[in-house]
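First comes the structure, then the notes that go with it.
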Amino acid sequence: MSQEQILNISVDGAAVTVEPGTDGFKLFTDRATVAHRVNGELKDLAYKVQDGDVIEGVLIGSPDGLNILRHSAAHVLAQAVQNINPEAKLGIGPPITDGFYYDFDVETPFNPEDLRVLEKEMNRIVQAGQRFMRRVTNDVDARVELANEPYKLELIGLKGSDLGEGSAEVGAGELTIYDNVDSKSGETVWFDLCRGPHLPNTRMIGNGYALTRVASAYWRGNENNKQLQRVYGTAWPSKDELRAHQERLEEAARRDHRRLGAELDLFSFPEEIGSGLAVFHPKGGTMRRVMEDYSRKRHEESGYEFVYSPHITKSNLFETSGHLAWYADGMFPPMRMDEEVDENGVVRKQGQDYYLKPMNCPFHILVFKSQARSYRDLPLRMFEFGSVYRYEKSGVLHGLTRVRGMTQDDAHLFVTPDNMEAELTNVLNFVLGLLKDYGLNDFYLELSTRDPENPKFVGSDEIWETATNTLQKVATESGLELVPDPGGAAFYGPKISVQARDAIGRTWQMSTIQLDFNLPERFDLEYTAPDGTKQRPVMIHRALFGSIERFFGVLTEHYAGHFPPWLAPVQVVGIPVADAFSDYLHGIAAQLRKHAVRVQIDDSDERMQKKIRNHTLAKVPFQLIAGGQDAENNAVSFRFRDGTQENGIPVEEAIARILKAIEDKAQV
RNA sequence: GCCGCUUUGGCGCAAUUGGUAGCGCACCGCACUUGUAAUGCGGGGGUUGAGGGUUCGAGUCCCUUAGGCGGCUCCA
């Protein structure tokens, strides 16, 4: 073998010499390697290595490998759709978290029942073991081949520009088509414009996939474009992993606050009131009150002052604030008051428009403006559980997490530029501390900053710079993971948002701390500085819960309804073994009530076993059971939600344990 | 707002090709008075989200409308 016939390459970090023509199939003989990264770029295993290539195998279970699996599954789905309906036009079909989708332009939308038919056809294609074959083409040829695919033609035209979601189809490099080649006949049975890479063949998709739902989506995500029909699927390296994924979804469904809200009798959305407008039932109301009481207590301890403002206002307030100019669509329409019209229909007295408030800030600003302010007054911290109303589009409403009427735990801090850093530090620590008390303790931060190229941002460069640096510093000092969100700031100031992970790993945006350089300007806010000059304060908006409703929903899902005793609507329920012991338990309940424990005695005429079942399903933290043995010993038996029990606990001790768990905000 | 699906007593579900609504839980009554996840018997409750249409006849088909669900868009 002569020198020039040997290629020196690196495979997974090891130097290797191979013959020309060697491809990934020779380098990686294990079935789990489905592609490889060549000099940092993902390639099919069929790629023939070049001298000097640095190659790393991509395992199917790796993030890259899963994407390749899912994208390949998307191709199989598209082929299945076109096999069944040759008229279907292809949109795009990228991998997404846990799965994939493919968009189609079809005459009649898919039905859920169509999914079974499509899965069957997909299964046939997978079993057929078609090879995915990459083929380089060019604009001219591709346009001929794809003459019947208008959306693909559009993507070819967009090649190299900002494609967003279309990037799975065409990349910055060569234009490529993937042929699906029948393993027996060698015939190309289907093809799609795609940059790849793909699994070597369809059989490797295995049986760990499923189609999950049908939906519609605007072509290229623009609501002015046509809506295409989207089919969603999920795909995993094995059936077991698919099953595990489905179980995770089932677990999330069990925790769904909309379901638990009804089951635990916490809240409802009566149709008579309107979409997105909740009522809290006694149990949910108790929880909400406890949440609010604790929040108030902590705010008071932290130097906030409590203010109150009305739910409606004349339009001029929101004209000054600018909300009517840029947020009118999100507001309920005005109530026109006081207009007087004579018999000829001529307006005799000008009316006045009143609006439901979508935000509390302008009201707090008016409190600030109610008197001349000195630097000595600052920072001024105003807190309110402020109810706001926003006309959210009907399609976005979702349980308690996206509503039309909500109560924010809203505060506005008016600070001098010198106060800013200390105050932001305080606020962030306050926020994190409070969220932890409610049982959330896994956070990361997101810092939204301005795009220097975009002229929409108000405020001087200096103040943006100072503010952004301050937020950055404060965020870094918190020691939490910090995710930058460049260009994500509102036009009026940068912000930090706190993202919390719940018990099953989902993240929720919770608190926001938002700087505002705009409203102080619009309302001409000022304070007198030490040197006697008038200066403009900076405003900080912040909400911890976002809204109480939303936070309530998040906590319900986080705890799966198993609220810790301090939050539980019923903390203790007493269950007598027989009627005769009812009085005994009532005596214990009376002692607990002296300590404000929410306790009930179930002296209904159900059997004891039934009562245990009922209160377990109601997720009451402490069940106290008492019969003859307990009464004789001045004791009681605990039973917990998980079915465990402890018998013969002296009453004194039982009470102490309950009080301690509540006091410590412990989970039981 | 857009697309699709969906809407049956408080809740969860049934009702062959259109032929005048059933079940479980819950609720009420009676009996039972019981040591750790559903005692037994009996009873009341719906005209099928609302409105209109097709039909001899509609929960079942069509239209309008209001909820809900899943996506898309949106979330200043």
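Just so you know, these numbers come straight off a predicted model, no measurement behind them. Below, read A as the first sequence line, B as the second, and so on, with proteins coming before strands; counting in each chain starts at 1.
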### Task
Quote, to the nearest angstrom, the C1' distance that separates U17(B) from G24(B).
29 Å
### Message
Just by distance, no angles: are the side chains of D630(A) and S637(A) close enough, under 3.5 Å, to form a donor-acceptor pair?
### Response
yes
### Query
Side-chain donor or acceptor of Y391(A) under 3.5 Å from a matching atom on the base of G1(B)?
no
### Query
Do you see a donor-acceptor pair shorter than 3.5 Å between the side chains of E557(A) and W508(A)?
no
### Query
OP1, OP2 of C5(B) versus side-chain N and O of N111(A): anything below 4.0 Å?
yes
### Message
What contact category does G627(A) fall into here, base, sugar-phosphate, or nothing, at under 4.0 angstrom with non-hydrogen atoms?
### Response
base
### Query
Which is true for G628(A) with a 4.0 Å heavy-atom rule: it touches a base, it touches only sugar-phosphate, or it touches nothing?
base
## Note on the structure
Taken to the nearest whole Å, CZ/F110(A) to P/G71(B) is 18 Å
### Message
So if I take every side-chain heavy atom of Q227(A) and compare against G35(B), C2(B), U33(B), which nucleotide ends up nearest?
### Response
C2(B)
### Message
Regarding R641(A), tell me which of base, sugar-phosphate or nothing describes its non-hydrogen contacts under 4.0 Å with the strands shown.
### Response
base
### Query
Parallel under 30°, tilted from 30 to 60°, perpendicular over 60°: which one fits the rings of Y391(A) and F332(A)?
perpendicular
### Message
Please report the distance, rounded to the nearest Å, between CG in L115(A) and C1' in C5(B).
### Response
11 Å
### Given G35(B), C3(B), U33(B), the nucleotide with the shortest approach to the side chain of D605(A)
U33(B)
### Any strand: nucleotide that pairs with C5(B) via Watson-Crick or wobble, under 3.5 Å
G68(B)
#### Entry: Gap between atoms CG and P, on D105(A) and G4(B) respectively (whole Å)
13 Å
## Note on the structure
Sorted by position of nearest nucleotide on RNA chain B, 5' first, the leading residue of D579(A) and P358(A) is D579(A)
### Message
With heavy-atom distances below 4.5 Å as the criterion, would you say the side chains of T320(A) and F523(A) are in contact?
### Response
yes
### Query
Checking only heavy atoms, does the side chain of R402(A) share a donor-acceptor pair with the base of C74(B) at less than 3.5 Å?
yes
### Task
Indicate, with a heavy-atom threshold strictly under 4.0 Å, whether D329(A) touches base, sugar-phosphate, or nothing.
nothing
### Query
Of the nucleotides U36(B), A37(B), C3(B), which one has an atom closest to the side chain of Q645(A)?
U36(B)
### Task
Tell me yes or no: between the side chains of T512(A) and S497(A), is some donor less than 3.5 Å from an acceptor?
no
### Task
Report the base-pairing partner of A15(B) (Watson-Crick or G-U wobble, both distances below 3.5 angstrom), or none.
none
### Message
Which nucleotide, if any, forms a Watson-Crick or G-U wobble pair with C25(B), using both distances under 3.5 Å?
### Response
G10(B)
### Summary
Rounded to whole Å, CD of E392(A) lies from C1' of U73(B) at a distance of 13 Å
### Message
Can you see if the side chain of K610(A) gets near the phosphate of A26(B) - specifically, an N or O under 4.0 Å from OP1 or OP2?
### Response
yes
## Note on the structure
Rounded to whole Å, OH of Y218(A) lies from P of C3(B) at a distance of 8 Å
### Message
Taking any heavy-atom pair under 4.0 Å as a contact, classify I575(A): base, sugar-phosphate, or nothing.
### Response
nothing
## Note on the structure
N614(A) atom CG is separated from U36(B) atom P, nearest whole Å, by 17 Å
### Message
Looking at G1(B), I'd like to know if its phosphate oxygens (OP1 or OP2) sit under 4.0 Å from a side-chain N or O belonging to S394(A).
### Response
yes
### Message
Is it the case that the side chains of N614(A) and E606(A) hold a donor-acceptor pair, with the cut-off being a distance below 3.5 Å and no angle test?
### Response
no
### Query
What nucleic acid atoms does Q609(A) come within less than 4.0 Å of, heavy atoms only: base, sugar-phosphate, or nothing?
sugar-phosphate
### Query
Rounding to a whole Å, what distance do you find between K611(A):NZ and U34(B):C1'?
10 Å
### Query
Which part of the nucleic acid does Y232(A) contact within heavy-atom distance under 4.0 Å: base, sugar-phosphate only, or nothing?
sugar-phosphate
### Message
When the P atoms of U47(B) and U34(B) are compared, how many Å lie between them, rounded to an integer?
### Response
43 Å
### Query
Whole-Å distance between A26(B) P and E263(A) CD?
14 Å
### Message
For G67(B), does the base pair up with any side-chain atom of S275(A) as donor and acceptor (N or O, under 3.5 Å, distance only)?
### Response
no
### Message
Please confirm whether the shortest side-chain N or O distance from Y327(A) to OP1 or OP2 of C74(B) is below 4.0 Å.
### Response
no
### Query
Say you pick atom C1' in A14(B) and the same atom in G46(B); how far apart are they, in whole Å?
14 Å
### Query
Taking atom types as modelled, is there a side-chain donor on S309(A) or K357(A) under 3.5 Å from an acceptor on the other?
yes
### Task
Name the pairing partner of U39(B), where a pair is Watson-Crick or G-U wobble with both distances under 3.5 Å, or state none.
A31(B)
### Query
A37(B) base to R607(A) side chain: any donor-acceptor pair below 3.5 Å?
no
#### Entry: Pairwise P distance, G70(B) and A15(B) [rounded to whole Å]
24 Å
### Message
Assuming nearest nucleotide by heavy-atom distance, tell me which of R404(A) and G274(A) is located more 5' along RNA chain B.
### Response
R404(A)
### Task
Scan side-chain atoms only and decide if H586(A) and D603(A) contain a donor-acceptor pair under the 3.5 Å cut-off.
yes
#### Entry: Options C74(B), G4(B), U36(B), nucleotide nearest the side-chain atoms of V396(A)
C74(B)
### Message
Base, sugar-phosphate or nothing for N222(A)? Non-hydrogen atoms, less than 4.0 Å.
### Response
nothing
### Query
Quick one: does D630(A) reach the base of G35(B) with a side-chain donor-acceptor pair under 3.5 Å?
yes
#### Entry: Minimum-distance nucleotide (side-chain atoms of Q629(A) versus G35(B), C72(B), U73(B))
G35(B)
### Query
Phosphate oxygens OP1/OP2 of G70(B): is one of them under 4.0 Å from a side-chain N or O of R213(A)?
no
### Message
Tell me which nucleotide, if any, is Watson-Crick or G-U wobble paired with G46(B) when both distances must be under 3.5 Å.
### Response
none
### Message
With hydrogens left out and only the distance checked, is there a donor-acceptor pair under 3.5 Å joining E223(A)'s side chain and the base of C2(B)?
### Response
no
### Message
Using a 3.5 Å distance criterion without hydrogens, assess whether the side chain of R404(A) forms a donor-acceptor pair with backbone atoms of L277(A).
### Response
no
### Message
Quick check on G71(B): is either OP1 or OP2 less than 4.0 Å from any side-chain nitrogen or oxygen of R230(A)?
### Response
no
### Query
Using a cut-off of 4.0 Å on non-hydrogen atoms, how would the nucleic acid contact of H323(A) be classed: base, sugar-phosphate, or nothing?
base
### Query
Does a side-chain N or O from R258(A) land closer than 4.0 Å to OP1 or OP2 of C69(B), or not?
yes
